[in-house]
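In this text, all values refer to a predicted model and were calculated from it rather than measured experimentally. Indexing begins at 1, ligand by ligand and atom by atom, following the structure's order. Positions are given from 1, in the same order as the sequence printed here. What you see below is based on every heavy atom in this structure, not just the backbone, and it leaves out hydrogens, waters and symmetry mates.
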Amino acid sequence: MTYLGIETSCDDTAVALVKNNGVVLDSRRWTRDEHHIPFGGIIPERASRNHLELLTPMIDQLLIDHSVKGSDLAGISVTSRPGLLGSLIVGTVTAKTLSLSWSVPFIGVNHLEGHVFSAWLSDSQPVDLVFPHLSLIVSGGHTHLVLIEALGSYRVLGKTRDDAAGEALDKFSNLIGMGFPGGPKIDALAKKGDPKAYEFPRPMLREKNYDFSFSGLKAAAARLLKDKNTLLDEQVKADMAASYQSAVVEVLVEKTRRALKETGAKVFTLVGGVSANSQLRAEIYQLGDELGVEVKIPELKYCTDNAAMIAYAGALRIQRGELGELDLKPRARSLAGDFID
Ligand code: KG4
Ligand code: ZN
């Protein structure tokens with residue numbers, strides 16, 4: 001039972017082959033960061049043109065390398081929402097066409113649902129999915145604490161009211177002139193800095209809810225930079241990065257701590273691009289040890305956008321009889337019935 005996954009919701013073109021039990025046979029990604037770097041962010045039109053050029057040859061090569069015939073696949077899952085519309089169109093049209101020509105089922109998957117199940121991917125041994133579990137989804141566009149009760153049954157405990165955690169790191173990176181993509185750059189720079197050098201706010205930390213707000217942090221960084229009114233030397237940048245990242249991480253970890261205590265969840269997953277952050281990973285593992293909670297964080301290659309997570313989430317849905325319709329429309333936003341908007 002092998003499933004093909006296609007992920008083109010943003011700038012990465014990604015394809016994967018995954019077994020129905022979450023074992024990944026292969027996961028490939030092509031990013032043309034060089035097209036976006038000069039602009040400090042992703043240019044949607046460029047991203048969709050890149051998908052158009054790259055996607056079909058990548059699928060072709062993937063199947064050839066694994067001696068898999070398209071018609072032997074158990075299904076095709078494709079990200080159909082949320083994301084950049086032009087990019088999603090390329091993926092969904094490709095999936096529908098392949099589904100028709102190979103006579104295999106396909107399904108459109110919510111990108112965030114893909115992230116949620118990325119924690120259960122494995123390159124070797126199948127891992128048993130456990131329900132319920134608590135999940136913190138931290139990506140470039142989302143920061144959500146969600147109780148995952150079953151496939152398709154999700155209770156959002158809290159989410160960001162403005163910027164996502166990844167967005168806060170990306171914007172800060174642009175502010176100090178480090179540019180795009182910000183998260184990994186701040187992660188590396190922060191290792192050389194003093195996290196106590198500058199005081200950044202911990203937004204909504206003490207509020208008795210699970211919501212987040214990160215836009216004030218960026219504003220605080222902008223004020224600090226204006227006050228300094230000088231060119232930043234490398235050590236100042238590193239100290240600022242360490243202090244800023246610590247503020248983001250502390251809020252995420254403390255809200256998670258409260259949610260774990262209050263829900264009594266015994267299993268916790270940290271997913272989405274920001275789950276690649278080394279400080280966040282370390283502090284979440286430590287929190288799990290403290291509370292006796294099993295923590296699952298994807299391997300680094302499955303934290304940021306990838307097609308293996310889409311293949312797996314789609315496989316779970318196809319296996320319980322759900323099928324995509326040929327009139328499936330890609331959408332920039334989630335659907336009303338999805339758990340995340
Ligand atoms: O999940 P993802 O690849 O794409 C979205 O669905 O948004 O997440 C991208 C986000 C970006 O904001 C990026 O800066 C952040 O993940 N990111 C990181 C790291 N690697 C990627 N943030 C912090 N530390 C990292 N090592
Ligand atoms: Zn993502």
Side-chain angles (χ1 to χ4, degrees), residues 5-14 16 27 29-31 33 36-37 40-42 44 47 78-84 87-88 91 109-119 121 135-144 159-160 163-176 178-191 193 212 214 217-218 241-242 244-253 269-284 297-310 312-313 332-334 338 340-341:
I6 298 175
E7 155 62 42
T8 62
S9 67
C10 196
D11 60 328
D12 298 332
T13 313
S27 177
R29 172 166 53 187
W30 199 332
T31 310
D33 275 349
H36 307 289
I37 284 168
I42 290 152
V78 60
T79 307
S80 62
R81 60 196 189 277
L84 302 172
S87 292
L88 291 167
V109 169
N110 183 305
H111 180 82
L112 281 310
E113 185 171 79
H115 275 303
V116 161
F117 290 104
S118 65
L121 295 171
S135 190
L136 175 64
I137 309 166
V138 269
S139 71
H142 293 83
T143 305
H144 278 59
K159 60 183 179 178
T160 184
D163 291 353
E167 197 176 354
L169 293 168
D170 292 339
K171 285 180 175 171
F172 174 72
S173 179
N174 275 332
L175 267 179
I176 60 166
M178 299 290 290
F180 167 86
K185 289 188 174 169
I186 299 303
D187 192 353
L189 188 62
K191 290 192 176 123
F212 304 90
F214 291 108
L217 257 177
K218 178 200 60 190
Y244 189 93
Q245 181 177 281
S246 288
V248 173
V249 168
E250 185 180 332
V251 176
L252 294 173
V253 170
T269 65
L270 175 69
V271 297
V274 182
S275 68
N277 185 268
S278 50
Q279 184 183 354
L280 181 60
R281 292 172 83 91
E283 292 195 20
I284 288 286
I297 310 179
E299 278 182 52
L300 285 181
K301 61 187 172 186
Y302 301 132
C303 290
T304 43
D305 289 350
N306 65 87
M309 67 185 194
I310 302 301
Y312 183 45
R333 306 291 306 263
S334 291
D338 292 342
I340 279 168
D341 48 26

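- Looking at atom 26 (N) of ligand 1, its nearest protein heavy atom turns out to be Asp187 OD2, 2.9 Å.
- Considering Gly273, Cys303, Gly183 only, the shortest heavy-atom separation from atom 21 (C) of ligand 1 involves Gly273.
- At least one N or O atom of His115 sits closer than 3.5 Å to an N or O atom of ligand 1.
- Heavy-atom distances between His111 and ligand 1 reach below 4.0 Å in at least one pair.
- You'll find the side chain of Glu283 stays beyond 4.5 Å of the side chain of Leu270, heavy atoms only.
- Under the 4.5 Å side-chain criterion, counting only non-hydrogen atoms from C-beta, Val251 is not in contact with Leu217.
- Across the listed options Ala188, Gly141, Pro184, Pro184 owns the non-hydrogen atom lying nearest to atom 19 (C) of ligand 1.
- The protein heavy atom nearest to atom 10 (C) of ligand 1 is Gly140 N, 3.4 Å.
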From CA spacing to verdict: side chain to side chain contact (heavy atoms under 4.5 Å, CB included), Val253, Leu280: CA-CA 8 Å; Val253 170; Leu280 181 60; 4.0 Å; yes
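- Closest protein heavy atom to atom 2 (P) of ligand 1: Asp305 OD1, 3.2 Å.
- Of all the atoms in ligand 1, the ones that sit under 4.0 Å from a non-hydrogen atom of Leu169 are 22 (N), 23 (C).
- In this structure the side chain of Asp305 reaches within 4.5 angstrom of the side chain of His111, judged on heavy atoms.
- Set against the non-hydrogen atoms of Thr304, the atoms of ligand 1 under 4.0 Å away are 3 (O), 21 (C).
- Between His144 and His142, the ring planes are tilted. Angles from 30° to 60° get that label.
- Around the Zn ion (ligand 2), the protein N, O or S atoms closer than 2.8 Å are His111 NE2, His115 NE2, Asp305 OD1, listed by chain and residue number.
- Residues Ile284 and Leu252 fail the side-chain proximity criterion, which asks for heavy atoms closer than 4.5 Å.
- Looking at heavy atoms from C-beta onward, Ser278 lies in side-chain contact with Lys191 at the 4.5 angstrom threshold.
- Counting the atoms of ligand 1 from 1 in the order shown, those under 4.0 Å from a heavy atom of Gly166 are 12 (O).
- Taking Ser135 as the reference, Thr269 meet the side chain to side chain donor-acceptor pair (under 3.5 Å) condition, with sequence neighbours excluded.
- Lys218 is listed as a side-chain neighbour of Leu175, based on a closest heavy-atom distance under 4.5 Å.
- Nearest to atom 11 (C) of ligand 1 among the protein's heavy atoms is Asp170 OD2, 3.5 Å.
- Scanning both residues, Thr79 and Ser9, for their nearest heavy atoms gives CG2-CB, 3.8 Å.
- At the top of the distance list for atom 24 (N) of ligand 1, counting protein heavy atoms only, stands Asn277 ND2, 3.1 Å.
- At least one side-chain heavy atom of Ile176 sits under 4.5 Å from a side-chain heavy atom of Leu189.
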Side chain to side chain contact (heavy atoms under 4.5 Å, CB included) between Leu121 and Lys301, intermediate numbers included: CA-CA 11 Å; Leu121 295 171; Lys301 61 187 172 186; over 6 Å; no
